[in-house]
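Please read through the structure below; I'll follow up with questions.
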Amino acid sequence: MSTPEFVDVEGPMFVADPFDVEEPQVHAAWLPPEAFRSLGARRVLVHGDGPLVDTVLDEVARACARYGGRMWHSPSWDVDVDLVLTLRRADALPSSTAQAARAAGEAALIDDGRTLGDEGFLLARAGDVTVVLADAPAGLLYGLFHVVRLCAAAFDPARPPELHRPALRRRMLNHWDNVAVHPVMGQVERGYAGGSIFWRDGRPRGDLARLRAYGRLLAASGINAISVNNVNVARAEARLLTDRLGDVAEIADVLRLYGIRVHLSVTFAAPVALGGLSTADPADEAVRAWWAATTRAVYERIPDFGGYVVKADSEGQPGPFTYGRDHADGANLLAEALAPHGGVVHWRAFVYDHHQDWRDRSTDRARAAYDHFTPLDGRFRTNVVLQVKFGPVDFQVREPVSPVLAALPATRVAVEFQVTQEYTGQQRHICHLGPWWSEVLRFAPWGPGGRTIADVATGEKGEGGGLVAVANTGDDPFWTGHPLAQANLYTFGRLAWDPRLDPRAVLDEWMTLTFPPSATADPELVRRTLHEIMDDSWRTYERYTAPLGVGFMVHPGDHYGPDVDGYEYSRWGTYHFADRDGVGVDRSRASGTGFAGQYPPYWADVYESPERCPDELLLFFHHVSYTHVLHSGSTVIQHIYDTHFAGVEEVEAMRRRWQTLNGMIDPAVYVRVAERLDEQVRSAIEWRDQINTYFLRKSGVPDAHGRRIY
Ligand code: GCW
């Protein structure tokens, strides 16, 4: 990139920039040039050095070049500035306004009494100047993106100082990307956004500009860690750990520019599959030596490598059970190899019997992770993070929060969400998941008013496992297939930075960045309409799909669209048990599988009782008759009919609302969303009619309103 003339340059101003993210071939998502308008029109001083500071310089320079601002980097002359981004411990600032600003920031910080840490920053006003103060370069980068988010508000003279530090140290995305195309799952398992950003047909995709643009988006949402291959590790993917490590290093080199550390999914059988050993037994000395040497080689190549992600003894992946060892033995083996280098192992708790007999009513998939892992509490090394899906079954639109999250006080636990919409409309449906994740994070498993799931992920002294999510991105020009699904990724990053954020406010941030008010004729209409469409879209999706927490009812295999009995007689352990009298799974202690008893007493008692159990989870915990009366006053059967009719009406309203934006926003975005809304309407009708018809036929109870059911 050439140096724009009107930007004053001194010192190492531009990073060598082989990539042009200014004119991306892909949608700019939440970082369109317009979002930088307010920042780019100012006089900005950046003070500090290091690779991440170079990234800050690069961002500011682009914005100033576009919008007529000026940028200095550690100048030797005195200039008046509007914004100072500075490392606290960097040398004295020559500019007197900058000096004053930094002093004001320091003072605010001392008043606040907290420290900034590796990634935090302080934003304060001093006279006419806004200052961003950080102790480490990553803090400057996050501070810069905060200024972008605030737009003109960052320069409001009355703005009080604010200190921002991520609540969670690790804010991680897992890509379920295959290196080689999998015969069934394709390039990206459960991917709804085209191919992989990293891999194509067995090779690195090699599009470093795209990769860099991706890192930039992730950093601007707060994400700082990423695993680059599927947790189901096949032959080609296994080799990323050894002879194909260079492919991983290439990704790490780019993402490092945005403060993102790379992790790798590995197979537990690696010592056999790659090392030629006869066993992968964690107790075997040769196995331990192999992991130690292999891991050392990884760090020689990628010094800031994050660590391993492991799916073991799960859905056919190898694991310690083969050798009569447990999951603490397995996780500790890898943790021991990573420890000298500061790496972590994310060990997934998604372990259950996927060859269940549907006739067997005593086995309950929901119980499995708790039964496997709680006896191991206290045995994991400190660099093991137990990665637990937020619900006990599998990323459904509604599930109770997993009891595992409250059951291992001596273990670092991470909460796993699914940004990719496997069970929530596959990025053909609008389903904004922020409110759902927020509900999970605010859930207090020990009873109302007690510690929350967010507290568990944070840890009492910040040593918690953090948040992890399965990515929804791919090589699609809009990154996420459905352009509005970008909001889910953005929201995940922001909630991982601060789980207490209000998801509606986060959605608002995303809208303002993605559809900058200055770029549309009627910003208020755009904003209002997007809120009307997206705010409640998760609940809308819930209304027209599986009712009252019962889950699944999706088409087997691809998990898209309705198939009420699709899994009913399968081996996967996801049943609804509907008969002529009633529906639901009895998970009570008194008469069912006992799953309700896995919760601490408050919720165990609530869930145990069909009277006290919240409506939305009733069929997860109980088998009740169709005429059972809910807290809402409706019967189960009438609730099923009503919500399914309502859900379709809401989707039809979404489509009408979207049509009012025609001509107001980027036509490509408009068209893509409009097409997908057509499919959402079609699919919602299919769900409504299949579910309603199924239950009318089973129960024989007519709809109280006499609507058409088949
Ligand atoms: O939700 C299920 C998916 C599998 C996935 C598995 C997991 C990567 O259907 O495709 O495998 O969860 O989380 O490991």
Side-chain angles (χ1 to χ4, degrees), residues 1 14-22 24-26 50-52 54-55 58 137-138 141 170 172-182 187-189 191 193-220 223-231 233-267 270 274 294-309 338 341-344 346 471 473-476 479:
M1 177 180 167
F14 287 102
V15 276
D17 183 9
F19 322 116
D20 185 12
V21 287
E22 183 110 67
Q25 296 307 303
V26 293
L52 279 175
D54 289 345
T55 304
D58 189 59
L141 183 65
R170 197 168 302 96
M172 185 177 193
L173 273 190
N174 285 174
H175 274 259
W176 286 353
D177 296 16
N178 299 314
V179 175
V181 177
H182 184 276
Q187 189 80 68
V188 180
E189 179 152 349
S196 167
I197 293 172
F198 309 117
W199 318 105
R200 182 152 56 201
D201 299 333
R203 311 285 339 147
R205 196 168 179 276
D207 185 349
L208 301 186
R210 180 87 191 243
L211 199 52
R212 181 172 174 158
Y214 189 45
R216 183 170 178 257
L217 285 173
L218 296 185
I223 286 163
N224 68 354
I226 194 166
S227 63
V228 296
N229 64 305
N230 193 355
V231 290
V233 184
R235 202 173 295 274
E237 292 72 18
R239 290 173 47 212
L240 295 175
L241 178 62
T242 51
D243 57 319
R244 296 196 55 180
L245 185 61
D247 296 345
V248 183
E250 186 177 278
I251 297 171
D253 286 345
V254 176
L255 295 182
R256 184 178 298 116
L257 298 172
Y258 284 92
I260 297 165
R261 289 171 84 167
V262 163
H263 298 236
L264 208 53
S265 297
V266 297
T267 167
L274 303 170
T294 302
T295 305
R296 202 177 313 118
V298 171
Y299 278 89
E300 273 160 22
R301 193 74 197 266
I302 310 171
D304 59 354
F305 179 72
Y308 301 138
V309 181
L338 287 158
H341 314 283
V344 289
H346 283 81
T473 35
D475 70 359
D476 168 66
W479 298 98

Is the backbone N or O of Asn229 less than 3.5 Å from a side-chain atom of Trp199, with the two atoms forming a donor-acceptor pair by type?
-> no
Calculate, to the nearest 0.5 Å, the distance between atoms CD1 and CG belonging to Ile223 and Leu218 respectively.
-> 5.0 Å
Evaluate the side chain to side chain contact (heavy atoms under 4.5 Å, CB included) criterion for residues His346 and Arg170: first the C-alpha distance (whole Å), next the side-chain angles of each, then the deciding distance (0.1 Å), finally the verdict.
-> CA-CA 11 Å; His346 283 81; Arg170 197 168 302 96; 3.6 Å; yes
Decide, yes or no, whether a salt bridge links Arg205 with Asp247 under the criterion of side-chain N to carboxylate O below 4.0 Å.
-> no
From CA spacing to verdict: side chain to side chain contact (heavy atoms under 4.5 Å, CB included), Asp177, Val228 = CA-CA 7 Å; Asp177 296 16; Val228 296; over 6 Å; no
Roughly how far, to the nearest 0.5 Å, is CD1 of Ile197 from CZ of Arg200?
-> 12.0 Å
For the student: nearest non-hydrogen atoms of Arg301 and Ala249, plus distance | CG-CB, 3.9 Å
Given the rule in the side chain to side chain contact (heavy atoms under 4.5 Å, CB included) test, do Met172 and Ser227 qualify, once you have shown the distances and angles that lead to the verdict?
-> CA-CA 8 Å; Met172 185 177 193; Ser227 63; 4.2 Å; yes
Hey, what do you get for CZ (Arg212) to CG (Leu255), rounding to the nearest 0.5 Å?
-> 11.0 Å
Go through the steps to decide whether Tyr214 and Tyr258 satisfy the test side chain to side chain contact (heavy atoms under 4.5 Å, CB included), and finish with yes or no.
-> CA-CA 9 Å; Tyr214 189 45; Tyr258 284 92; over 6 Å; no
Is there a donor-acceptor pair closer than 3.5 Å between any side-chain N or O of Asn178 and the backbone N or O of Val181?
-> no
Nearest heavy-atom approach of Ala219 to Leu141 is CB-CD2, 4.3 Å
To the nearest 0.5 angstrom, please state how far the CD1 atom of Ile302 sits from the NE2 atom of His263.
-> 11.0 Å
Side chain proximity check, Val309 to Asn174, heavy atoms < 4.5 angstrom | yes
Exam field: side chain Gln187 to backbone Val179, donor-acceptor pair closer than 3.5 Å = yes
Going from CD1 on Ile251 to NE2 on His175, what distance comes out if it is rounded to the nearest 0.5 angstrom?
-> 9.5 Å
Nearest heavy-atom contact between Glu250 and Pro204 is OE2-CB, 4.3 Å
Tyr299 vs His341 aromatic rings, parallel, tilted or perpendicular, using cut-offs 30° and 60°?
-> parallel
Sequence-distant partners of Ala270, side chain to side chain contact (heavy atoms under 4.5 Å, CB included), two or more places apart = Leu241, Thr267, Leu274, Trp290, Trp291
Ion pair present between Arg256 and Asp304, side-chain N to carboxylate O less than 4.0 angstrom?
-> yes
CG on Leu173 to OG1 on Thr473, rounded to 0.5 Å = 6.5 Å
Ignoring hydrogens and geometry, is there a side-chain-to-backbone donor-acceptor pair from Arg210 to Asp475 under 3.5 Å?
-> yes
Should Thr295 and Tyr308 be marked as a side-chain hydrogen bond (donor to acceptor under 3.5 Å, both in side chains) after you check the CA-CA gap, both sets of side-chain angles, and the distance that decides it?
-> CA-CA 10 Å; Thr295 305; Tyr308 301 138; 2.8 Å; yes
Test item: Ile226 and Phe198 side chains (from C-beta on) under 4.5 Å apart, heavy atoms | yes
Look at the side chain of Asp476 and the backbone N and O of Trp479, then say whether any donor-acceptor pair between them is shorter than 3.5 Å.
-> yes
Would you say the side-chain atoms of Glu237 pair up with the backbone N or O of Asn230, donor to acceptor, closer than 3.5 Å?
-> no
